[in-house]
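Working notes for the structure below.
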Amino acid sequence: MVPLSHYIALSAILFVIGAAGFIFRRNIITVFMCIELMLNAVNLAFMAFSRFRGNLDGQLFVFFVIVVAAAEAAVGLALIISLYRSRDTLAIDELDSMKL
Amino acid sequence: MVAEVTFFILSALALGSAVMVITRRNPVHSALWLIVTLFSVGGVFLILRAPFLFAVQIILYVGGIMVLIIFVIMLVSVDVSGRQQQFSRQWLVGLTTVLILAAELGYALYRGSKGFLLARSAPAAALENNTQAIGTALYQNYMLPVEIASILLLVAMVGAVLMAKRKME
């Protein structure tokens, strides 16, 4: 039986890796993927607590997090395409104004 | 015993490929490594006896979101993004932030790991084969969140179409 702290440690390390990528990378698509990585780490913590508490609410929360991640992916990627069309770049340092 | 070994293999795979995601220069490689990470995390879901969420993870994340991301990488030309600088110049500030976050989480885990003993061995039969239970809960107790989520998805779909379409002349 794997103890709960192992799951939480795995989740924390994944989250830190995602945060590191979020800060260090400049390509906006890679930054986006790092956000997905962090969301997944949080999902893992939810799942572990749900399993060890013995109720289902954590799993339902994970379900809704995945739904929101899908909505976020659709809108975010549409924004990236629209930004790329008007600026011709994907480097976040150059995408520093909201005006198209 | 099998669960422990599988857990350690899957977590090593997840962490290794997560590191690859943030270090590869080419976004396509990052996306492929991210798929490996998502599969490994899905495998951990299976160890946690959540077959429904495992299926959702594979179908929605790997089959939906990752395909969408790779599609967008192909749509915006890869050469442009490949030639640009990939790593941020403020690496010192970033490193400090990441180290502080890691230290914070590590300290919380170190101090709080005794509080994690909710049930030292998870209740065995309570959550086995829980797909039916999740379906029942979604359509009874969680009716309102499901409706809100569906509206959110509708709005996201309309918004994505609106933002990604070319301007009409």
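What you see is a predicted model; the values in this text were computed from it and never measured. Order of the sequence lines sets the chain letters (A, B, ...), proteins ahead of strands, with each chain counted from 1.
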Verify, without hydrogens or angle tests, whether A:R51 (side chain) and B:R49 (backbone) share a donor-acceptor contact under 3.5 angstrom.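 Absent.
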
By a 4.5 Å heavy-atom criterion (distance strictly below it), what part of [X] contacts chain A: side chain, backbone, both, or neither?
X      : result
B:T37  : side chain
B:L15  : both
B:F71  : neither
B:I134 : both
B:V93  : neither
B:S150 : neither
B:I148 : neither

Smallest separation among heavy atoms of [X] and [Y], with atom names:
X      : Y     : result
B:P27  : A:T30 : CB-OG1, 4.3 Å
B:A160 : A:A74 : CB-O, 3.7 Å
B:V98  : A:A20 : CG2-CA, 3.5 Å
B:L48  : A:A48 : CD1-N, 3.8 Å
B:L60  : A:A70 : CD2-CB, 3.9 Å
A:R25  : B:R25 : NH2-O, 3.6 Å

Evaluate the side-chain proximity of A:F24 to B:T23: yes if any heavy-atom separation is below 4.5 Å, no if none is.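 Not touching, per the 4.5 Å side-chain cut-off.
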
I'd like to check A:F22 versus B:I22 (side-chain heavy atoms, cut-off strictly below 4.5 Å). Are they in contact?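 Of all side-chain heavy-atom pairs linking B:I22 with A:F22, none is under 4.5 Å.
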
Portion of A:A41 that has a non-hydrogen atom of chain B nearer than 4.5 angstrom: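 For A:A41, neither part sits under 4.5 Å from chain B.
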
Portion of A:L60 that has a non-hydrogen atom of chain B nearer than 4.5 angstrom: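 Answer is side chain: those atoms of A:L60 sit under 4.5 Å from chain B.
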
Find out if a path of hydrophobic residues (ILVMFWY) with successive side-chain heavy-atom gaps under 4.5 Å connects [X] to [Y].
X     : Y     : value
A:L14 : B:I9  : no
B:V2  : B:L46 : no
B:M66 : B:V36 : yes
B:I35 : B:V44 : yes
B:L34 : B:M74 : yes

Heavy-atom pairs under 4.5 Å with chain A: which of [options] has the most?
options             : value
B:V21, B:T97, B:L95 : B:L95
B:A14, B:A164, B:A3 : B:A164
B:F45, B:F8, B:F52  : B:F45

For chain B, find which of [options] contributes the most heavy-atom pairs closer than 4.5 angstrom.
options                    : value
A:V75, A:I81, A:I17        : A:I17
A:L44, A:V68, A:N40        : A:N40
A:V62, A:I28, A:L79, A:I66 : A:I66

[atom1]-[atom2] distance between [X] and [Y], expressed to the nearest 0.5 angstrom:
X      : Y      : atom1 : atom2 : value
B:I69  : A:E36  : CD1   : CD    : 5.0 Å
A:D57  : B:N141 : CG    : CG    : 8.0 Å
B:L38  : A:L37  : CG    : CG    : 7.5 Å
B:M163 : A:I80  : CE    : CD1   : 11.0 Å
A:N27  : B:I73  : CG    : CD1   : 7.5 Å

After noting the C-alpha distance and the side-chain angles of B:L101 and A:F15, does the key distance pass the side chain to side chain contact (heavy atoms under 4.5 Å, CB included) rule? CA-CA 10 Å; B:L101 178 62; A:F15 189 89; 4.1 Å; yes

Within a reach of under 6.0 Å around CZ of A:F64, are more than 12 heavy atoms found that belong to other residues, nucleotides or ligands?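 Count over threshold, so yes.
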
Taking it one step at a time, do A:I13 and B:L105 satisfy side chain to side chain contact (heavy atoms under 4.5 Å, CB included)? CA-CA 9 Å; A:I13 299 172; B:L105 284 177; over 6 Å; no

Hey, what's the ring geometry for B:F7 with A:H6, parallel, tilted or perpendicular (30° and 60° as the breaks)?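 If you compare the ring of B:F7 with that of A:H6, the planes turn out tilted.
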
Kindly indicate, with the supporting measurements, whether the criterion side chain to side chain contact (heavy atoms under 4.5 Å, CB included) is fulfilled by A:F32 and B:V72. CA-CA 12 Å; A:F32 199 82; B:V72 167; over 6 Å; no

Distance-only donor-acceptor check, side chains B:Q57 and A:N43, under 3.5 Å: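 No, A:N43 and B:Q57 have no side-chain donor paired with an acceptor closer than 3.5 Å.
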
For B:I47 and A:Y7, what are the C-alpha separation, side-chain angles and deciding distance, and is it a side chain to side chain contact (heavy atoms under 4.5 Å, CB included)? CA-CA 11 Å; B:I47 300 179; A:Y7 292 106; 3.4 Å; yes

